[in-house]
Colleague: 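Okay, handing you the structure first.
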Amino acid sequence: MSDEVEKPDQFEEPSVLDYVKSLFHFGNGERIRIPFEEEMPFDEKEGEQRSFVTGTPVLEPVDDVQLETAFVETPTADPQLVGESIQPPTPFPWRSALAFLLALIGQRTFEPPHTSTEFGIALYIAAFAVLALAIRRGEWRLPALAPTSAGTDPLAYRGLPLFLGVVLGFGAFLIFKDNLFTRFNVIVWVLAIVFLLRAFWLSKASLRSTVGNSMKFFGRDQWTISISRWTILLAAATALVFFFRFYQITSVPPEPFSDHAEKIFDVYDVSQGEPHIFFIRNTGREAFQMYWTLLVARLFDTDLSFLSLKLGTAILGLMTLPFIYLLGKEIGGPRVGLFAFILAGIGYWPNVISRVGLRFPLYPLFAAPTLFFLLRGLRTRNRNDFLLSGLFLGIGLHGYSPMRIVPFVVVAAFVLYWLHSQSKGSRKELPVWLVVLALVSMFVFLPLLRYWFDDPAAFGFRAFTRLGGVEQPLPGPAFQIFLSNLWNALRMFNYDDGEIWVHSVPHRPALDVVSAALFLIGGVLVLVRYIRNRHWLDLFLLVSVPLLLMPSILSLAFPGENPALNRAGGAYIPAFIIGAMALDGLLTSFGRGKMRSILMGIFAGVLFFFSASQNYDLVFNQYYTSFRNGSWNTSDMGKVIREFQQVYGTQSADTVWIVPFPHWVDTRLPALWAGIPNRDMAMGREDLASTVEFTGPKLFMVKADMDHPEGNDQESLDVLESLYPNGQLRMFDSDVPGHDFWIYSVPND
């Protein structure tokens, strides 16, 4: 008896049960597909293939140039391509426009103070109902995914470089001791990474060709620069996001807090010859920002200050955007890449976590290239991409602890790819690629791996204080807290981003109205396309969002810290890409023709204008005001210290003290504003008598709050008046209510 199953005749229609069974089948069997007319890649009436973006008939696959040109102007049909056929005009996509309009209005109701939530939900339901009609009619379609390459990995490697890399890597692990980088162990470590990459890197000829072409380019007598409309668009988009990243960087946010003091002290330690691998101050921190801040301070000739921290992280945030563009281009084409680049560049969420001066942007910075090279590698089946993905993953693990979730995201991508038919022909290579990626990332991670081996409690302390009951008991059953955190994190994009004023405008959506509406609609479109086509990348895009939110979700001991824009920062990468895909599909629904192209450009411009306007207000008005009200005015104290130094000399700062008070200023920060990066000016009330031993003029700053007597440190003032009866008392009147403080000055003895 033959093992082959007789296939039904081509004219026999499958049953509904057959279709449903095939819909959720992951294997290599036949998949039944309902041939929606609008989804057909070929015009069966004319026998011509059509461009997905422009809608014009073509004979060759659409390349990047066609996609880029389509954004600016939809070309008219070439008679050589279409022959004598006349293409009917595309109907106006009123269903798509109505669905998007309803989503925008619904999202607008989710803006604070959240008084119309039920109405907003009803509008979104109506939007999805109209969207279903638009999808059924083929109006709103996502950009086509690129086909998977058919090549195979030769599974070749270079034995000698691999041997040297392993030996040097083992040696580096042994000599990374005492939690210090040295010139010797860094050289051994870098050589181990280089040899490992050399052992597995393929296509040396292509690299030589690239270098040769570059030499020919720079060797030309004359250079010709061609500027296209696409180039102008990219330049304009870059200028826009540059403005959002660096405008008012000195004043937004206005004040540092305790975490900034910890960072400055760590950077100061490095500058004094203490190059730690892991900085144990303040529950432990990875090292990348410390060395980066020191580099930025020296490159821009700035002091170790709040500004050097903010400037460094703003640059890191800007460096994330090219990889978001590349990732969007990889998933949906250049136009999706450009849209994601702009949405992430002007978005309030990426901007505030990049401006605050802490390690927050390091999570998306390294998650983006890790994902880009991973996804491109799975599509092209090029081992070099997995090597680069592992390289960025390993570097990212030196940056910000939420990056520790990304290895699980990488594994999830491999598993989903293996389960779907797109992996056919490469399933034997998948374990090899995963091992190579993991090996490279481990080699880059080696210094921290050694520290983890030496002191596992310190390395994992910060994470376990949030995940378990190390610092305080869980406030309830772990599984219930997890589900609650998951729900709160998922709704942060469109409804409530949490209560942490340090890196957010509390209790508002994490996305602006336009981006949030596009994100939800895009999620629906991706889900529908996955159900229809079962492409692994669509499912991965959806799954990656909650996975990248996990560092925030897993704050089980402190559920009030979830959602947190900083720990969830990696999730804005797929969120903006999904939104960009939805916007690309909406613009594509306008059809072709010069007038339609003009209408499409105007529509996109209006959307970006409103998005930029709202994000500008969120960052430079609402976030600034919220941060200013929530933080203490240590910069004012720094000004008082500098004025004191101008009158009595720089050494007079040795006799300036701040009397600590509960929930008041970090007494190290005013010294930073005065240009003193290693001084804590605290002088407790019980120790004030010891200041009598110091000669010369003295200055004391004391907590003041005339509206709330319990917040006014009258006891310290009484002690000072008894010690220095000739002292002078005055109040610094702050512009922010409740931020006043007493200044008690003692003249020169």
Side-chain angles (χ1 to χ4, degrees), residues 64 145-166 168-169 189-215 319-320 322-331 334 337 365-397 406-407 409-418 422-446 536-537 540 573:
D64 288 353
L145 296 171
T148 304
S149 299
T152 58
D153 192 320
L155 300 180
Y157 64 93
R158 299 175 181 87
L160 180 59
L162 178 60
F163 173 78
L164 294 176
V166 171
L168 289 172
W189 173 45
V190 172
L191 285 176
I193 297 171
V194 170
F195 279 117
L196 184 68
L197 292 173
R198 171 63 177 163
F200 293 108
W201 192 268
L202 298 177
S203 303
K204 178 181 177 182
S206 64
L207 179 62
R208 185 185 297 118
S209 175
T210 301
V211 175
N213 292 335
S214 301
M215 296 301 294
M319 291 166 58
T320 309
F323 290 107
I324 291 180
Y325 170 80
L326 292 173
L327 186 58
K329 182 180 177 181
E330 169 65 27
I331 294 173
L365 169 62
F366 291 108
T370 299
L371 294 177
F372 165 64
F373 288 112
L374 170 65
L375 299 187
R376 193 176 73 173
L378 291 174
R379 178 180 64 84
T380 63
R381 302 181 178 181
N382 186 340
R383 189 200 305 169
N384 295 348
D385 285 321
F386 299 110
L387 296 174
L388 294 173
S389 180
L391 184 66
F392 280 101
L393 174 59
I395 298 173
L397 293 173
V406 177
V409 180
V410 170
V411 172
F414 272 93
V415 171
L416 291 177
Y417 182 72
W418 178 78
Q422 290 80 28
S423 63
K424 183 185 299 184
S426 65
R427 288 174 180 164
K428 292 182 179 179
E429 290 87 352
L430 280 176
V432 176
W433 294 337
L434 181 58
V435 168
V436 167
L437 189 156
L439 192 61
V440 172
S441 63
M442 187 188 72
F443 267 53
V444 180
F445 182 66
L446 269 177
W536 81 275
L537 186 52
F540 175 73
I573 299 169

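We use all heavy atoms of the structure for the numbers below, so side chains are in, but hydrogens, waters and symmetry mates are not. For reference, positions follow the sequence shown, starting with 1.
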Colleague: Nearest 0.5 Å, please: how far is CD1 in Ile395 from OG1 in Thr370?
Modeller: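 That separation rounds to 8.5 Å.
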Colleague: Atom CZ in Arg198, atom CG in Leu160: separation rounded to 0.5 Å?
Modeller: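 Nearest 0.5 Å value for the CZ-CG distance: 10.0 Å.
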Colleague: Taking C-beta and beyond as the side chain, do Phe200 and Val440 meet within less than 4.5 Å on heavy atoms?
Modeller: no
Colleague: Please determine which of Val435, Leu430, Val436, Leu437 meets the side chain to side chain contact (heavy atoms under 4.5 Å, CB included) test together with Trp433.
Modeller: Leu430
Colleague: Can you name the nearest heavy-atom pair linking Phe540 to Ala413, along with the distance?
Modeller: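 Shortest heavy-atom separation between Phe540 and Ala413 comes out as CE1-CB, 3.5 Å.
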Colleague: State, to 0.1 Å, how close Asp385 and Gly377 come at their nearest heavy-atom pair, and which atoms those are.
Modeller: CB-CA, 3.5 Å
Colleague: Check whether any side-chain heavy atom of Arg381 sits under 4.5 Å from a side-chain heavy atom of Glu429, and report yes or no.
Modeller: no
Colleague: Please determine whether side chain to side chain contact (heavy atoms under 4.5 Å, CB included) holds for the pair Val432 and Tyr157, giving the CA-CA distance in whole Å, both sets of side-chain angles, and the decisive distance to 0.1 Å.
Modeller: CA-CA 11 Å; Val432 176; Tyr157 64 93; over 6 Å; no
Colleague: Atom CG of Leu391 and atom CZ of Phe366: how far apart are they, to the nearest 0.5 Å?
Modeller: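 The CG atom of Leu391 sits 9.5 Å away from the CZ atom of Phe366.
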Colleague: Distance from Leu162 atom CG to Leu439 atom CG, nearest 0.5 Å?
Modeller: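 Answer rounded to 0.5 Å: 7.5 Å.
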Colleague: Any non-hydrogen side-chain atom of Phe372 less than 4.5 Å from a side-chain atom of Ser389?
Modeller: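 Counting from C-beta outward, Phe372 and Ser389 never come under 4.5 Å.
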Colleague: Looking only at side chains, do Arg376 and Thr380 share a donor and an acceptor under 3.5 Å apart?
Modeller: no
Colleague: Are Leu196 and Leu387 close enough, and set up right, to give a side chain to side chain contact (heavy atoms under 4.5 Å, CB included), and what steps lead you there?
Modeller: CA-CA 9 Å; Leu196 184 68; Leu387 296 174; over 6 Å; no
Colleague: Atom CG of Leu393 and atom CG of Leu371: how far apart are they, to the nearest 0.5 Å?
Modeller: 9.5 Å
Colleague: Report yes if the side chains of Leu191 and Leu164 come closer than 4.5 Å at any heavy-atom pair, otherwise no.
Modeller: no
Colleague: Between Phe443 and Phe195, is the ring centroid distance below 6.0 Å?
Modeller: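 No, the ring of Phe443 stays outside the 6.0 Å limit from the ring of Phe195, centre to centre.
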Colleague: From Tyr417 OH over to Ser423 OG, what is the distance, rounded to the nearest 0.5 angstrom?
Modeller: 6.0 Å
Colleague: Is there a side-chain contact between Trp536 and Leu378 in this structure, where contact means two heavy atoms from C-beta onward sitting under 4.5 Å apart?
Modeller: yes
Colleague: Give the minimum heavy-atom separation between Ala156 and Leu202, together with the two atoms involved.
Modeller: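 So the minimum-distance heavy-atom pair works out to O-CD2, 4.4 Å.
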Colleague: Give the minimum heavy-atom separation between Leu327 and Ala368, together with the two atoms involved.
Modeller: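 It is CD2-O, 4.4 Å.
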Colleague: Measure across Pro147 and Arg379 and return the closest heavy-atom pair with its distance rounded to 0.1 Å.
Modeller: O-CG, 3.6 Å
Colleague: Would you name the heavy atoms of Gly169 and Leu446 that are closest together and state the gap between them?
Modeller: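 Heavy atoms of Gly169 and Leu446 come nearest at O-CD1, 3.5 Å.
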Colleague: Considering residues at least two apart in sequence or located in another chain, which fulfil the ring-ring contact (aromatic ring centres under 6.0 Å, His included) criterion with Phe323?
Modeller: Phe392
Colleague: Measure the shortest side-chain to side-chain distance between Asp153 and Ser426 over non-hydrogen atoms and say whether it is less than 4.5 angstrom.
Modeller: no
